[in-house]
Amino acid sequence: RAVQHVACERLKKGVTEYGAESGALIIINPQNGAIIAMCSVPDFDPNEYGKVSSASAYNNDTIFTAYEPGSIMKPLAMAAAINESLVGPRTTFTDPGVRNDLCETPITNADKKSYGLQTMTNVLERSINTGMVFVAEKLGRERLFRYYTAFGFGVKTGISLHTESAGNISRLEKQTKQFLDCYGATASFGQGITATPLQVALAYSAIANGGTLLSPMIVEERILPDGRKEKNAPLAVRSVLSASTAEVVKSMLVSVVEFAYGGRGQVRGYMVGGKSGTAQIPGPGGYTNETIHSFVGFAPADNPRFVMLVKYEKPQRRFAESTAVPTFADVASFLLPYYEIPPKR
């Protein structure tokens with residue numbers, strides 16, 4: 001209850017402070033799939049449920065609204081390539097800054113820069129789109145689709161709550177080309193596919209717990225009419241990554257938080273891993289200038305106690321590092337001492 005209160009109040013504050021249309025936040029225990037907190041803004045008072053300005057206040061955006069997640073998908077595509085022994089954290093590529101050969105619209109980096117010689121860890125730290133195209137070319141569209149499916153995208157998680165969306169990764173499946181095409185290239189950095197915050201948080205939980213996708217658990221136990229207690233056991237869906245791959249990707253995500261975002265994602269005394277995404281919102285005729293900001297992170301990195309996703313829709317700031325990232329850090333700064341996890345730095 002305390003976590004739910006702190007997380008939801010911080011999200012409400014963020015929606016107001018950043019001028020966002022809406023916000024969503026979810027916290028999961030990656031060891032058993034238990035949902036610790038779920039927040040959506042705008043929300044409503046159950047005691048006065050009719051007093052809302054829009055029916056959207058009744059939606060649980062962590063499961064109801066599938067969106068193009070953007071760069072928070074990069075670590076998942078990277079994990080797939082590492083798991084297939086196609087790249088490693090020190091594998092290098094030379095960033096051309098633009099790819100004109102795959103889509104009608106050139107693929108560029110978010111800041112239009114060309115970074116030159118970079119490692120795969122640098123690709124995540126600097127969120128290099130062309131670097132992820134390099135990774136996707138190694139994987140191929142079919143393997144990328146297989147791993148995204150294994151991570152739980154494109155199907156409902158089965159959470160025992162109503163109005164869950166399945167998201168959509170069908171564009172990866174329907175192409176007949178065996179080599180990488182535009183859809184495969186853009187899916188590697190989270191465009192052209194949709195997912196819910198819950199799906200993304202569960203996928204990151206698989207990285208955090210050593211490679212296993214878990215079914216989400218919203219009810220811890222049932223009390224039967226005769227007083228007996230029936231505890232729900234964690235349910236493993238499938239193994240997605242090897243334990244060694246999960247450890248490598250966790251280390252890369254720690255490096256992202258250490259060297260990106262101007263320190264905004266760090267929590268004093270703790271090692272934290274995570275990745276942000278600033279995703280353009282698609283509209284008629286192409287992508288608009290409006291964005292959705294997300295950050296997914298976990299802590300402490302050596303034995304994650306929680307995975308948290310923060311999302312803001314159409315905030316009046318340019319990048320997620322100034323919205324979703326500090327929100328994550330604020331809530332994480334409460335969670336770690338709340339769970340009595342001693343600092344190690």
> Just by distance, do the side chain of Arg143 and the backbone of Leu139 share a donor-acceptor pair under 3.5 Å?
Replying inline: yes
> Considering all heavy atoms of both residues, which atom of Ala320 and which atom of Ser294 are nearest to each other, and what is their separation?
Replying inline: CB-O, 3.6 Å
> At their closest point, which heavy atom of Val135 faces which heavy atom of Ala81, and how far apart are they?
Replying inline: CG1-CB, 3.5 Å
> Going by atom types only, do Thr65 and Asp61 share a side-chain donor-acceptor pair under 3.5 Å?
Replying inline: yes
>> Would you compute the distance between atom NE2 of His293 and atom CD of Glu313 and round it to the nearest 0.5 angstrom?
In response: 11.5 Å
> CG of Leu172 to CG of Asp181: how many Å apart, nearest 0.5 Å?
Replying inline: 7.5 Å
>> Hydrophobic clusters here meaning ILVMFWY residues chained together by side-chain heavy-atom distances under 4.5 Å, can you tell me if Val6 and Leu335 are in one?
In response: yes
> Would Val133 and Phe189 count as a side chain to side chain contact (heavy atoms under 4.5 Å, CB included) if you check the C-alpha gap in whole Å, the side-chain angles of each, and the deciding distance to 0.1 Å?
Replying inline: CA-CA 8 Å; Val133 174; Phe189 52 86; 4.0 Å; yes
>> With a 4.5 Å cut-off on side-chain heavy-atom distances among I, L, V, M, F, W and Y, is there a chain of contacts connecting Phe153 to Leu214?
In response: no
>> Could you go through Met308 and Val331, starting from their C-alpha distance and side-chain angles, then the distance that decides it, and tell me whether this counts as side chain to side chain contact (heavy atoms under 4.5 Å, CB included)?
In response: CA-CA 9 Å; Met308 184 194 323; Val331 178; 3.6 Å; yes
> Is Asn109 reaching over with its side chain to a backbone N or O of Lys112, donor-acceptor style, under 3.5 angstrom?
Replying inline: no
> Met271, Val257: one ILVMFWY side-chain cluster at the under-4.5 Å cut-off?
Replying inline: no
> Are any of the side-chain heavy atoms of Leu161 and Ile63 separated by less than 4.5 Å?
Replying inline: yes
>> Once rounded to the nearest 0.5 Å, what's the spacing between atom CZ of Arg90 and atom CE of Met252?
In response: 10.0 Å
>> A side-chain contact here means heavy atoms from C-beta on lying under 4.5 Å apart; do Thr119 and Asn122 qualify?
In response: yes
>> As a quick check of understanding, evaluate side chain to side chain contact (heavy atoms under 4.5 Å, CB included) for Val254 and Phe259, giving each step before the final call.
In response: CA-CA 9 Å; Val254 168; Phe259 297 108; over 6 Å; no
> side-chain hydrogen bond (donor to acceptor under 3.5 Å, both in side chains): which pairs involve residues 329-345, sequence neighbours left out?
Replying inline: Arg10-Asp330, Glu258-Arg345, Asp302-Lys344
> How far does CD of Gln199 sit from CD1 of Ile159, to the nearest 0.5 angstrom?
Replying inline: 11.0 Å
>> Checking the side chain of Tyr58 only, and the main-chain atoms of Tyr49 only, is there a donor and an acceptor separated by less than 3.5 Å?
In response: yes
> Would you say the side-chain atoms of Tyr148 pair up with the backbone N or O of Ala187, donor to acceptor, closer than 3.5 Å?
Replying inline: yes
> Do Ser322 and Tyr261 have a side chain donor and acceptor closer than 3.5 Å?
Replying inline: no
>> Would you say that Lys250 contacts Ile207 through its side chain, given a criterion of any heavy-atom pair below 4.5 Å between the two side chains?
In response: yes
>> If we count only N and O atoms by modelled type, under 3.5 Å, do the side chains of Glu125 and Ser255 hold a donor and an acceptor together?
In response: yes
>> Under a 3.5 Å cutoff, is there a donor and acceptor pairing between the side chains of Asn232 and Arg222?
In response: yes
> Going by heavy atoms in the side chains, are Lys314 and Ile292 under 4.5 Å from each other?
Replying inline: no
> Any chain of hydrophobic side-chain contacts (each under 4.5 Å) joining Tyr115 to Val98?
Replying inline: no
>> Can you give me the closest heavy-atom contact between Val325 and Glu321, atom names plus distance?
In response: CG2-CA, 3.5 Å
>> If you compare all heavy atoms of Ile35 against all heavy atoms of Pro216, which two are closest, and at what distance to 0.1 Å?
In response: CD1-CB, 4.1 Å
> Short question: side chain of Gln4, backbone of Met38 - any donor-acceptor pair under 3.5 Å?
Replying inline: yes
> Under the 3.5 angstrom rule, does the side chain of Thr94 hit a backbone N or O of Leu117 as a donor-acceptor pair?
Replying inline: no
> So do the side chains of Val267 and Leu336 get within less than 4.5 Å of each other, counting heavy atoms only?
Replying inline: yes
>> Is it the case that the side chain of Arg99 and the backbone of Phe134 share a donor-acceptor pair, with hydrogens and angles ignored and the cut-off at 3.5 Å?
In response: no
>> Looking only at side-chain N and O atoms, does Tyr147 offer a donor or acceptor that is under 3.5 Å from a partner on Asn83?
In response: yes
> Given side chains that start at C-beta, do those of Phe298 and Leu253 come closer than 4.5 Å, heavy atoms only?
Replying inline: yes
> Got a salt bridge between Arg126 and Asp95, using NZ or NE/NH1/NH2 to carboxylate O under 4.0 Å?
Replying inline: no
>> Side chains of Tyr312 and Thr327 only: does a donor on one sit below 3.5 Å from an acceptor on the other?
In response: yes
> Quick one: are Pro326 and Phe328 in side-chain contact, heavy atoms under 4.5 Å?
Replying inline: no
> Side-chain heavy atoms under 4.5 angstrom apart, residues restricted to Ile, Leu, Val, Met, Phe, Trp, Tyr: same cluster for Phe64 and Leu309?
Replying inline: no
>> When you compare the side chain of Thr149 with that of Ile169, does any pair of heavy atoms fall below 4.5 Å?
In response: yes
> When you look at Glu17 and Arg317, which way does the side chain to side chain contact (heavy atoms under 4.5 Å, CB included) test go after all the steps?
Replying inline: CA-CA 10 Å; Glu17 182 180 348; Arg317 297 194 181 185; 3.8 Å; yes
>> Can you confirm if the NZ or CZ of Lys51 lies within 45° of the ring axis of Phe44 and under 6.0 Å from the centre of its six-membered ring?
In response: no
> Just by modelled atom types, is the Ile341 backbone N or O under 3.5 Å from a matching donor or acceptor in the Tyr270 side chain?
Replying inline: yes
> Is any NZ, NE, NH1 or NH2 atom of the basic residue among Glu220 and Lys229 found under 4.0 Å from an Asp or Glu carboxylate oxygen of the other?
Replying inline: no
> What do you reckon, is CG of Asp45 surrounded by more than 12 foreign heavy atoms closer than 6.0 Å?
Replying inline: yes
> How long is the span from the CE atom in Met217 to the CG atom in Leu235, to the nearest 0.5 Å?
Replying inline: 9.5 Å
>> Less than 3.5 Å apart, any donor N or O on the side chain of Ser56 or Asn59 sitting next to an acceptor on the other?
In response: no
> How about Glu104: does its CD atom have over 12 heavy atoms from other parts shown lying under 6.0 Å from it?
Replying inline: no
>> So for atom CZ, which belongs to Arg318, do other residues, nucleotides or ligands contribute more than 12 heavy atoms lying within a distance under 6.0 Å?
In response: no
>> Nearest 0.5 angstrom please: Asn60 CG to Ser40 OG, how far?
In response: 4.5 Å
>> Could you report the tightest heavy-atom contact between Ala236 and Thr212, atom names first, then the distance?
In response: CB-CG2, 3.8 Å
> According to the disulfide bond (SG atoms under 2.5 Å apart) rule, which pairs have a member within residues 4-65, sequence neighbours left out?
Replying inline: Cys8-Cys39
>> Do Lys275 and Ser127 pair up side chain to side chain, a donor and an acceptor below 3.5 Å, judged on atom types alone?
In response: yes
> Taking Asn32 for the side chain and Pro234 for the main chain, is one N or O donor matched with an acceptor at less than 3.5 Å?
Replying inline: no
> Will you find, in the side chains of Thr186 and Gln191, an N or O donor that is under 3.5 Å from an N or O acceptor?
Replying inline: no
> Any Lys/Arg nitrogen of Glu164 or Lys156 sitting under 4.0 Å from an Asp/Glu carboxylate oxygen of the other?
Replying inline: no
> Do any N or O atoms from the side chain of Ser242 and from the backbone of Thr245 form a donor-acceptor pair under 3.5 angstrom?
Replying inline: yes
> For the residue pair Asn168 and Ser170, what are the closest heavy atoms and their distance?
Replying inline: OD1-OG, 2.6 Å
